[in-house]
Amino acid sequence: MDHLFEELEKDYRFKEGYHTCINCGTCTAICPAAEFYRYDPRKIVSIVQTRDDAQIEELLCSDTIWYCGECMSCVTRCPRKNGPGMVIMALRDLSIRLGYFTESEKGRQMLPLTHTFTRNILEYGYCVYPATFDWNDHKESGPVWKWHMDHLEKSLARQGANYQGEGPGVLRKIPQESLDELKAIFDVTGATERIRLVEDYSRRKAEEMGLSLEEYERTAFEYSSDKHFNE
Amino acid sequence: MKENVVIIGGGVAGMEAARQLLFLGYNPIVVEQQDHLGGHVSQWNRLFPDMASAQDLVRHMGEEIVDANIFLETKVNFINRLREGYLVMLSNGVSVACRAILIASGFRLFDATRKEEYGYGVYDHVITNADLENWFNGNADSRIPAAPKSVGFVHCVGSRDLKAGNSQCSKVCCMTAVKQAIEMKEHFPDARIYCFYMDLRLFGKKYEDFYINAQQEHGVQFIRGRISEVGETLDGRLQVKAEDTLSGKPLRAQLDLLVLMAGMVCNPDAAELARMARLEVDSDGFLRSADNIAGIVGSNRPGIFYAGACTGTKTVPETLAEARSAALDIHRFIQGK
Amino acid sequence: MIERFSSGFHPFVLPFLAGMIFVLGYCVYGIVRILFQLSGEDRKKFLVSLVTPKTFVKNIRDIFCDCLLHVKLWKRNRLLGYMHSSIAFGWFMIILLGHIEVMLFLPERIHLFYYPIFFNFFVAEADSTIQGSLLFFLMDFFLLVILSGIGLAMVKRVRSRLFGMRRTPRPSLLNQIGLYSLWAIFPLRLLAESFTAHISGGSFLTIPANWVFRQFLGNDLNMLPTWWAYSIALGVFMSVLPFTRYMHIPAEMMLIPMRNAGLKVRNARKGFARVQVYACPNCGVCIDACPMSVDKANLKDCTVYLTRQLRRGNERRIAEISDKCLLCGKCEAVCQVGVEGPKLRVLNRAERKYAVKADYSDIPTGTLAGAAEGGKVLYYSGCMSQLVPSIGRSMESLFRKAGVDFCWMDRDGGVCCGRPMLTAGRLEEAREIVRKNTEIILQSGADTMVVSCPICYKMFTEEYSLPGIRVVHYVHYMEELLEQGRLVPRRGDLCYVYHDPCELGRGCGIYEEPRRLLGRLSSIAEAEKNRAESVCCGGSLGSLSLSFAKREKITRAALDNLYTSKADAIATACPLCTATFARYADRPVRDLAEIVDLYTDGKLKPDTI
Amino acid sequence: MIYEGKQKIWKDYQKEIPDDHWYYVRSCIRQNFFPASERKFTDITQQVLGKDVYETPYHTTCGGIAYHCDAIPQETAMTIVARQFALMTEAGYENYVPSCVTSFGNYIEILETWHEFPEQEARIREQLWKATRREFKKPKYLAHTSDLIYHWRNEIAEKASVRLIDHETGEPMRMAEHIGCHYAKMFPSKGIGGAEYPYVLAGMIESWGGQVVDYPERRHCCGYGFRQYHMKANRGYCVSNTHKKFESMEPYGIQAILTNCPGCCYFMDRWQYVIAEQTGKTYGKDGFGIPVFTYEELAGLVLGYDPWDLGLQLHQVAVEPFLDRIGVQYDPKAKYLGLNREDILRPELPTNLKCF
Amino acid sequence: MTDFGFTLSRSSALDLTKADTRLYERLCSLSPDARTCMGCGSCSATCTAGPYNGMSLRKVILGLQRGQDVRPMLKGCMLCGKCTMVCPRGINTRQLILNLCRIYD
């Protein structure tokens, strides 16, 4: 790719979120990620502003673009109507499309993320769903949630949910025709292609790292080197 | 019989133009909405760079135009085009036929409540540059603590801010902030003074000296980062957040007083005048000069002239220079040269 | 010839005797102490040199020329030279002649060392012989010489400019006592000898004076008070001597053999440094020489004040004076006794403790491994040259023109040579930098290294050990290229004045080569003060505390000196001088590399066309 | 703090909210973690307030979380949303109310993008047609469910049996509000009260008798961060942000927190547990945490619902001290019982955080 | 205790109110021109040590104003003096650095 900046400019989020940056730092001042990660969103926009492909490519390969929590607090404050969070979404999209995401530890998380959410959406119609919720990966949900998961159907019934039931209601079973429509949307709008892309790039990287795809995915999910957070 | 020239606005631009027109043998008629002359300058305490008294300046200028017709608390109701010149109808019932009108309607100070994140009007100790000048003038302000330990100045409040609708730089705020920071340090020698800036635009004569002086003699700390958010702590102090862009880290500070350097925005009354007299308005909301280099005091209508901040942000000396220039252009226009 | 007192004693000699014993004791104690302060090696070296015939002769000659005849002063200003040598040499002669008299007439009294001094009091009719009258004549003659010197000294107190000195140091109270007692000694001697001339005899000065005195003071009772006064003056002078600048008289006699023994100052306060401090005669020649003196605020910061404060132990002022100096070396160049002002300052800086120690472990040393193998010339431009890019660019062009294969080791930044750190007194840090560079350079495989910055050059030649590598200054190198015909000169039309950079001229003794090089390419003019007397540009890294604003005056003064040449442009051979002058100069300032590049062609050029 | 100053700002940010006929879509997170809240939303609006709030079983996730985790492209997210709009159009509604703040923000962002770039809207219509043969109209009004509860807050207050007042001292309960970032930070004019001083939750607290307490880090994100939470490796980010909020809140004596965003409510509850387990620190009184409520839970309490019907047993932070303060009657033994008081055991108790 | 697999991260935010600036004030009393730094970065751009250990005098002064430990940067300085040459405010940077190295404890 010769013109990364031009490629970014095609993204609607970039069109909305990138104008000109005066490096005032209002974004970083209130950025949750800037406070706990070694991270400065202002610099991202500043780098993009250079339109220098080498610098942008470095960004696409780095952990930096994956720290943002997309809370969009930055959008509120920018005096130039930029949205660094939006710019980052465009950068991430480009990083995924070009396969740069596998170069960084945080970028490699795309594999477990893609699997979790696309599977939940396509199989159940939900982004998050009890059937795919493993308490051991979510110990922060507490003993109360362990109890809830252990007695899922009874507990949900007590809450007035319509778990896996027909018709409307909480956690209802989403009809198959609706799920089929979601699948069709995925096919038409490039999500299916995106899944394949992420898997292919990840597989290649896993081989390079000498890991099985499962190990690669698991490592991406739970391993954090100490270079990300403040010491 | 001396020829009438209507001057809309009795700030320093209007006053200076009236003085020059009197000298050139005209009968200037100054129309001022407020009950006093001098506009914003009359509310100020001291003027940079020589720390001259603003009141003295206004008083002195007022003394020089006692022979002019001055209508205070008066507005312009209509401006009608005559075959030769204009008929200006005033809210006090007076109508004036004249060949030339000078618009010196000035600016408005940005309404700082619109930068909601700074909490002007919400938090107890947030004031504006104008409030501080008012306090310097000896008027009490309960928002200013008796012995503040830390005072912050926020540059570019409502200036250079697309979200606030003003992309322009207000020119004077950087210097005003430096001046006020020094003055605050003189009032409160033990206080720490911080200026939060994006760029320091200290372009005028002696301005940079003020900056060096503020750093060296007064220990004012300049922090390159726009304040993003202000909160109030339990003890009523202010917690501000900015990025210390020079170190690339988020920065917090607790302050006892925060001064917002509210910028200059176009006077909405100027838009009304523009409608009456079919004048062009620029993209920034200010009146559009005939030409921004050689014709700054000219308008798109014959016989209508501009002076001062009605066409954009100006310093006091620039305003005075424009007023003189406009007076001379009016003279030439009436003389048909 | 009759001896007047069989005891050979009179109480009036006591003040002299007390002073003499005190001063001798003090000196002996001082010498012993200093000898102990020297390192074992240095002490041995010194003692051996004293008995080595060659250095022995040299010591005598130097002491005679420097301490008595003040040959260097003569060169600077004849009046000043005469004034000093008349007093020093005259007094020496009087003392010598006194001893000859005693040995000649009363050899048994030679052990009484007041005898030669007060000979005329103790004897009668001493001029009755030929030898006697000749000696008495000489005595009067040298007394006259001394008196003329004293007279000049008095004139100098009020009109120092006549002696080529604009500024002189303000003497302290003790120094004033010393000075006035010194001045008093010789007129009093004249009085005393004149009063006794009808008894002891005299010559052309004392006999007529005796006659005059006797016309109205016929009583011999007046004789004794004058001898008392003479003795007291001597006694006072000698008792205050250790606390005044006159200490330089014995100290210089110590300094000369130590210098001739090849000793180096190693400690800021002890040993050789101590001798240098005491050897400073407070003449103040360094005040005018010091480039900082253009600013009144700096007048008390030149070497004469450093030695004074070192004697007083005023640490605050010592630090101030040590830090401010540009280390241009001019005070040392003009110093009559050879006080090494810059070195003393650097060592005083080195006394300071720093809580933050440098750590250069982040600097990799393999960056140039093998880069200059195969006979490539290694070129080191130095940090400052990066701020004057024309130097590096011109050097590059010269290498190309001359067909030299080269490797520019610090083109994109490199390790500092270490000299700034060294002159700041952080010696261990400087040594670490030297180690780093040494490793880098040795790994490069070069056999020749060209250095264009004189600051670096001095450092490389003095502090580095680079076996197998020839370190060449670019002036020499460019000259070689011209000699070998690899560069063909073309004459330029501008007239240049060459400014001697401190580090190159006084620092490395390179004065003539740059002029020779420049002379091949253009016409050159000389500034009023040049070579060893060249004025520092004011940009020197030597000074730690001089502010930017204070340096401007110095630079302008240095420029004014260069303007006296009426040249069209300024040439120099130091990036720091170039950058500093360029800031205020009213005419072009060029580095030699730039000039050589401008006015030479490559050898191959005509052939290849 | 100058209350009038805030009132002035609130006046500037009011949006038009139709009183009836809403097309309701559910939230993934809330269905999972606050099932009873969603249930009570329909109960309250339909039964108590008698409003027309329509739901179809055919609607799905909006894909917002997947989108913000970068797992699906923007066009996919937009087309899923277009399908949701198509279902609304087919059902004959034009007022759209999502239960999720991420969705709400997603919808607004998409509508704004379409507004600014109509060619993108056309493209999405095409894609939707291609994939599902559906067509849609854009909603006329878009509100978040908290907007509706805010809109009807005074009607709820009229029917209230409990007020947010300490029934012993008569003092109003000291409550903090926490607004989901995507509610108004991107488009301040779309939120009630704007981005800086949102009024949507504060209005409910005030109407129902409580006192809103402001604190310096009120506006700070809870730390969900989408991928930051969903990947275990990143969760230090999440807990650190909530920690920062609670540290800032600590001196204010806050008795409960009201939220309008699914994630915030869950995380501000659970991270208190994690912080207590990891550092031993708790933020409420007597070793309890500070309970965090959804607006339906709070409305339900005010309206006199049984707290266990409201799902408060699924909070890790004990709600009982708060219930006691405002005088809610409840059966402590029934907390963990199933339907028809069936015994389904009870959760273990945490080490440091006091629970029942 | 439960192992959650993650922990709290320290905040990187600088707190001006809590920053210990005594060292900076002490430096300013020895080198008053330290106050006149306007953060232009000329010194950092030309710094000989910068490429090796990140030395930046601008950051050193800023770090002191924020109460940070700047020793790791300071250690790399070779006193070459280029920063003095380029400083637009004429700060005697070498003296400043030496003073700082001296007073650090």
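These values consider heavy atoms only, across backbone and side chains, with no hydrogens, waters or symmetry-generated copies. Throughout, protein chains are lettered first and strands after them, A, B, ... in sequence-line order, and every chain is numbered starting at 1.
E:R102 has its side chain out of reach of C:V356: every pair of non-hydrogen atoms, C-beta onward, lies at least 4.5 Å apart. Contact of the E:K82 side chain with the C:M384 side chain is registered, since non-hydrogen atoms from C-beta on lie closer than 4.5 Å. Contact annotation: the side chain of E:T48 approaches that of C:C383 to within less than 4.5 Å [non-hydrogen atoms, C-beta and beyond]. The side-chain heavy atoms of C:F548 and E:R89, taken from C-beta on, include no pair separated by under 4.5 Å. For the pair E:Y52/C:V415, a side-chain contact is recorded, criterion being any heavy-atom separation below 4.5 Å from C-beta on. In this structure, C:E432 and E:M78 have side chains that are not in contact, with every pair of non-hydrogen atoms separated by 4.5 Å or more.
Other residues, nucleotides and ligands contribute over 12 non-hydrogen atoms within 6.0 Å of the NZ atom of C:K324.
Residues forming a ring-ring contact (aromatic ring centres under 6.0 Å, His included) with C:Y354 (at least two apart in sequence, or on another chain): none.
Neither the backbone nor the side chain of C:R551 comes within contact range of chain E, judged by heavy atoms closer than 4.5 Å. For a residue to count as touching a neighbouring chain, one of its non-hydrogen atoms must lie under 4.5 Å from one of that chain's; by this rule C:Q386 touches chain E with the side chain only. Using a 4.5 Å cut-off between heavy atoms, C:L387 contacts chain E through its side chain alone, with no backbone atom that close. Using a 4.5 Å cut-off between heavy atoms, C:R419 does not touch chain E at all. Residue contact with chain E, scored on non-hydrogen atoms closer than 4.5 Å, involves the side chain of C:I433 exclusively. For a residue to count as touching a neighbouring chain, one of its non-hydrogen atoms must lie under 4.5 Å from one of that chain's; by this rule C:S543 touches chain E with the backbone only.
The distance from the CG atom of C:L541 to the OG1 atom of E:T84 is 7.5 Å, given to the nearest 0.5 Å. Expressed to the nearest 0.5 Å, how far SG of E:C77 lies from CD of C:E429 amounts to 10.0 Å. Here the straight-line distance linking atom OG of C:S547 with atom CG of E:D33 works out to 8.0 Å at 0.5 Å rounding. From E:I97, atom CD1 reaches atom CG of C:L544 across 11.5 Å, with rounding to the nearest 0.5 Å.
Ranked by non-hydrogen atom pairs under 4.5 Å with chain E, the options C:A424, C:G539, C:G414 are led by C:G414. Contacts with chain C were tallied for E:L98, E:L74, E:L100; E:L98 has the most, counting heavy-atom pairs under 4.5 Å. Counting heavy-atom pairs under 4.5 Å between each of C:T580, C:L576, C:I363 and chain E puts C:I363 at the top.
Contacts between residues 451-464 of chain C and chain E, counted as heavy-atom pairs separated by less than 4.5 Å, involve no residue at all.
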* Take C:M421 and E:C80, measure what side-chain contact (heavy atoms from CB on, under 4.5 Å) needs, and give me the verdict at the end. => CA-CA 7 Å; C:M421 194 54 106; E:C80 74; over 6 Å; no

